[in-house]
Amino acid sequence: MSDEDIVTVVREHCARILKVDPGRVTEDALLREDLEADSLDLAELHVALEDTWGPLPRETLADVRTVADVLAKARLLLSERA
């Protein structure tokens with residue numbers, strides 16, 4: 001999966017789950033402050049990413065603050081599986 005594909009998947013899931021315009025889902029957007037995500041939203045994002053890429057460690061999104069953090073975790077996990 002290309003980096004562009006990873007960005008697209010994360011962006012689409014974030015926009016859908018957080019009910020925000022995809023244009024607001026930028027790499028520097030703060031999940032809680034800018035996109036108004038709560039812990040349930042992050043749990044739903046975790047499940048959506050698992051549906052896309054398979055099982056993820058429970059702590060995968062535990063310390064993410066920005067969309068860039070989510071992307072970094074996704075890139076790392078996918079590179080480990082390659």
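Values below: all heavy atoms of this structure, side chains included; hydrogens, waters and symmetry mates excluded.
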Main-chain N/O of [Y] paired with [X] side-chain donor or acceptor, under 3.5 Å:
| X | Y | answer |
| --- | --- | --- |
| E50 | L56 | yes |
| R81 | W53 | yes |
| R65 | L31 | no |

Are the side chains of [Y] and [X] in contact, using a 4.5 Å heavy-atom criterion?
| X | Y | answer |
| --- | --- | --- |
| T66 | E27 | no |
| R75 | D3 | yes |
| C14 | L45 | yes |
| V25 | V20 | yes |
| E44 | R16 | yes |

Can you find a side-chain donor-acceptor pair between D5 and T8 that sits under 3.5 Å?
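Note: D5 and T8 side chains miss the donor-acceptor criterion.
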Can you confirm whether the side chains of H13 and T52 place a donor and an acceptor under 3.5 Å from each other?
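Their side chains do contain a donor-acceptor pair, which is all the 3.5 Å distance test asks for.
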Can you list every pair that meets side chain to side chain donor-acceptor pair (under 3.5 Å) and has a residue in residues 29-39, with sequence neighbours left out?
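Qualifying pairs: none.
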Is the CZ atom of R24 crowded by more than 12 outside heavy atoms at less than 6.0 Å?
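Yes, CZ of R24 has more than 12 neighbouring heavy atoms, counting only those of other groups under 6.0 Å.
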Pairwise distance CD1(I17) to CG(L35) - rounded to 0.5 angstrom:
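The distance works out to 12.0 Å.
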As an exercise, state the distance from OG1 of T60 to CG of L42, rounded to the nearest 0.5 Å.
12.0 Å
Run T26 and V67 through side chain to side chain contact (heavy atoms under 4.5 Å, CB included) and show every step you take.
CA-CA 7 Å; T26 62; V67 173; over 6 Å; no
After noting the C-alpha distance and the side-chain angles of L61 and V70, does the key distance pass the side chain to side chain contact (heavy atoms under 4.5 Å, CB included) rule?
CA-CA 7 Å; L61 301 182; V70 177; 4.3 Å; yes
